[in-house]
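Have a look at the structure below before the remarks.
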Amino acid sequence: MWLTMLSSIETIIMWAIQIYTWILIIYILMSWVPNARDSSFGRFIASLSEPYLEPFRRFIPPVGMIDFSPIVAFIVLNWLVPRGVHFLFTFFY
């Protein structure tokens, strides 16, 4: 029973990572649409996305007009975080 519960929690965390990834994609695509971030939906998505993206923007400055920090944020969120979560849960198995 303990292992099943840990496996379920790990699965829920992995799903949350995927949902948050889609939120970030929507937020970044909204930058291409004029005034999309000024809508109530845009402000809601920004309130979810900005706290995660802000530390990356502090350390990775934009190059010209291109902001590379979301790319690094995606790599961390989709490659490092799932491996870390999996490592933690296999540590408890």
Side-chain angles (χ1 to χ4, degrees):
M1 180 173 150
W2 175 254
L3 293 176
T4 306
M5 186 173 71
L6 283 177
S7 177
S8 297
I9 292 171
E10 183 181 7
T11 302
I12 290 169
I13 292 171
M14 295 299 181
W15 273 101
I17 290 169
Q18 290 303 311
I19 291 169
Y20 196 71
T21 298
W22 282 106
I23 290 171
L24 289 176
I25 290 170
I26 292 168
Y27 180 69
I28 292 167
L29 291 177
M30 284 173 45
S31 69
W32 297 353
V33 178
N35 299 324
R37 290 186 180 173
D38 295 332
S39 67
S40 60
F41 178 73
R43 287 190 300 271
F44 174 70
I45 296 293
S47 70
L48 295 175
S49 301
E50 281 299 324
Y52 179 69
L53 292 174
E54 184 62 33
F56 294 99
R57 287 190 177 129
R58 270 190 263 139
F59 293 108
I60 304 168
V63 178
M65 299 280 295
I66 300 172
D67 185 12
F68 288 104
S69 60
I71 295 169
V72 177
F74 277 114
I75 291 169
V76 169
L77 186 63
N78 287 302
W79 191 70
L80 292 177
V81 173
R83 281 165 179 71
V85 169
H86 184 68
F87 174 77
L88 286 175
F89 279 94
T90 55
F91 180 74
F92 290 113
Y93 286 157

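For this chain, numbers begin at 1 and follow the sequence in order. Computed over heavy atoms, backbone and side chain alike; hydrogens, waters and symmetry mates excluded.
- The two atoms that bring F74 and I28 nearest to each other are CE1-CD1, 3.5 Å, heavy atoms only.
- Using a 4.5 Å cut-off on side-chain heavy atoms (C-beta onward), F56 and I75 make no contact.
- Cluster membership check: L77 does not share its hydrophobic cluster with L88, using side-chain heavy-atom separations under 4.5 Å among Ile, Leu, Val, Met, Phe, Trp and Tyr.
- The structure places CZ of F41 at 5.0 Å from CD1 of I26, a figure rounded to the nearest 0.5 Å.
- Applying the side-chain hydrogen bond (donor to acceptor under 3.5 Å, both in side chains) test to pairs two or more places apart or on separate chains, those with a residue in residues 27-43 are Y27-E50.
- The two residues R57 and D67 make their nearest non-hydrogen contact at NE-OD2, 3.1 Å.
- V33 and L53 are assigned to two separate hydrophobic clusters, defined by single-linkage of ILVMFWY side chains at heavy-atom distances under 4.5 Å.
- Connection of W79 to I60 is established within a shared hydrophobic cluster, with ILVMFWY side chains joined at heavy-atom distances below 4.5 Å, either directly or through further cluster members.
- Under the 4.5 Å side-chain heavy-atom criterion for ILVMFWY residues, a single connected hydrophobic cluster contains both W22 and V85.
- Counting only residues at least two apart or on different chains, no salt bridge (charged side-chain N to carboxylate O under 4.0 Å, His left out) pair has a member in residues 3-13.
- I19 and L29 fall within a single hydrophobic cluster, where Ile, Leu, Val, Met, Phe, Trp and Tyr are joined by side-chain heavy atoms under 4.5 Å apart, directly or via other members.
- Considering every non-hydrogen atom in both I23 and I45, the closest pair reads O-CG2, 3.8 Å.
- Rounded to the nearest 0.5 Å, atoms CD1 (I25) and CE (M30) are 14.0 Å apart.
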List the steps and the verdict of side-chain contact (heavy atoms from CB on, under 4.5 Å) for I13 and F89.
CA-CA 11 Å; I13 292 171; F89 279 94; 3.8 Å; yes
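- Side-chain atoms of S49 never come within 3.5 Å of backbone atoms of A46 as a donor-acceptor pair (strictly under, hydrogens ignored).
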